[in-house]
Q: 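This is the structure, below, for whatever I ask next.
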Amino acid sequence: IAGITQAPTSQILAAGRRMTLRCTQDMRHNAMYWYRQDLGLGLRLIHYSNTAGTTGKGEVPDGYSVSRANTDDFPLTLASAVPSQTSVYFCASSDIPSGEQFFGPGTRLTVL
Amino acid sequence: AQSVTQPDIHITVSEGASLELRCNYSYGATPYLFWYVQSPGQGLQLLLKYFSGDTLVQGIKGFEAEFKRSQSSFNLRKPSVHWSDAAEYFCAVGGGYNKLIFGAGTRLAVHP
């Protein structure tokens, strides 16, 4: 069982380019999340999805979009990347309300 | 507003010494509380969680935490630290239907 996989592991991107970070879980969890981790700020929620077909905005949603076409996949898209989006991005999933979240290994994104 | 404060950014302890990492939260209802650990370059792993019941909860790797409602605290403890415990530790509170609010983290260094 892989749990949560994220791709790519790392990426260097030119400002203005479009980028999609991929996240797949094999635990059949209903809820999925995207966080960004920045030094001194901990993890901040970007977007979430409580179940397939629904999404919601987190604390820092601007510049990001998500979709949840099925239970397993939850891609995060940066339509036009900016340097302030340089961060480490973590995908997570959870199977019950207010339950434990399981995290992927992260994607390190650098926007130049 | 809901928030989590980890007052200590960095802590250094000697191997074999006891450890306490502080966490204070602000939350309107009965909180769901979590401690996660992140080793360098890795994702987050759950150490322990509190939902209800006994206010002293046991976790993995010999960690425990105590929920004190009167102090809005959920401090993490370990009686004897091992060098492998060096990592970053995050406290989190359930922020409504699966959404977690994280503290900024405490980085633990362990001296031999």
Side-chain angles (χ1 to χ4, degrees), chain A residues 2-7 9-10 21 23-25 27 29-52 54-61 66 68 74 87-108, chain B residues 1-10 21-53 57 59-60 65 67 74 87-107:
Chain A
I4 297 180
T5 57
Q6 292 185 238
T9 301
S10 65
L21 308 184
C23 174
T24 300
Q25 54 113 351
M27 297 176 284
H29 286 171
N30 284 326
M32 297 187 74
Y33 316 85
W34 274 105
Y35 294 89
R36 60 177 290 172
Q37 183 179 27
D38 302 289
L39 191 63
L41 297 177
L43 280 80
R44 293 179 292 168
L45 183 66
I46 303 171
H47 285 288
Y48 66 95
S49 169
N50 288 338
T51 188
T54 69
T55 62
K57 294 182 179 179
E59 181 184 357
V60 288
V66 292
R68 186 90 183 278
F74 191 44
S87 187
V88 181
Y89 291 86
F90 287 99
C91 180
S93 70
S94 175
D95 63 345
I96 57 174
S98 300
E100 173 186 353
Q101 291 188 14
F102 295 82
F103 284 81
T107 293
R108 181 174 296 276
Chain B
Q2 299 157 354
S3 65
V4 175
T5 301
Q6 294 180 245
D8 304 304
I9 298 174
H10 295 282
L21 303 183
R22 295 182 291 164
C23 173
N24 293 97
Y25 67 89
S26 173
Y27 192 72
T30 300
Y32 298 106
L33 294 159
F34 306 83
W35 274 100
Y36 283 85
V37 61
Q38 183 182 32
S39 298
Q42 303 297 312
L44 278 72
Q45 180 185 20
L46 182 71
L47 282 176
L48 48 78
K49 59 189 177 185
Y50 170 79
F51 285 175
S52 64
V57 294
I60 62 171
F67 169 55
F74 189 57
E88 188 151 21
Y89 293 80
F90 292 94
C91 181
V93 62
Y97 200 83
N98 288 341
K99 290 183 283 184
L100 294 183
I101 299 169
F102 284 85
T106 297
R107 184 168 298 277

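Residue numbering restarts at 1 for every chain, and letters A, B, ... go by the order of the sequence lines.
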Q: What heavy-atom pair brings A:G40 and B:A104 nearest, and what distance separates the two atoms?
A: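 The pair with the smallest heavy-atom distance is O-CB, 3.4 Å.
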Q: Got a second to check how far B:F102's CZ is from A:Q101's CD, nearest 0.5 Å?
A: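 Nearest 0.5 Å value for the CZ-CD distance: 6.0 Å.
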Q: Which bit of B:Q45 is near chain A, if near means a heavy-atom gap under 4.5 Å: side chain, backbone, both or neither?
A: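 B:Q45 has no heavy atom closer than 4.5 Å to chain A.
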Q: Taking side chain as everything from C-beta outward and backbone as N, CA, C, O, which of these in B:L44 sits under 4.5 Å from a heavy atom of chain A? Side chain, backbone, both or neither.
A: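 Both parts, backbone and side chain.
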Q: Just so I know, are the side chains of A:F103 and B:Q42 near enough to count as touching, which here means a heavy-atom distance under 4.5 Å?
A: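 Of all side-chain heavy-atom pairs linking B:Q42 with A:F103, none is under 4.5 Å.
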Q: Within a 6.0 Å radius of atom CG on A:L39, are there more than 12 heavy atoms belonging to other residues, nucleotides or ligands?
A: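 No, because the 6.0 Å sphere around CG of A:L39 holds 12 heavy atoms or fewer from other groups.
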Q: For A:Q6, which atoms come within 4.5 Å of any heavy atom of chain B: side chain, backbone, both, or neither?
A: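 Neither the backbone nor the side chain of A:Q6 comes within 4.5 Å of chain B.
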Q: Does a sphere of radius 6.0 Å around CZ in A:R44 hold more than 12 heavy atoms from other residues, nucleotides or ligands, not counting ones at 6.0 Å or beyond?
A: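 For A:R44, atom CZ is crowded (more than 12 foreign heavy atoms under 6.0 Å).
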Q: First locate atom CD of A:E100, then atom OH of B:Y36, and finally report the distance between them rounded to the nearest 0.5 Å.
A: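 Taking CD in A:E100 and OH in B:Y36, the distance rounds to 5.5 Å.
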Q: Quick one: OH on A:Y33 to CG on B:L100, what's the gap to the nearest 0.5 Å?
A: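 These two atoms lie 7.0 Å from each other.
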Q: What part of A:L41 lies closer than 4.5 angstrom to a heavy atom of chain B: side chain, backbone, both or neither?
A: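 Only the backbone of A:L41 comes within 4.5 Å of chain B.
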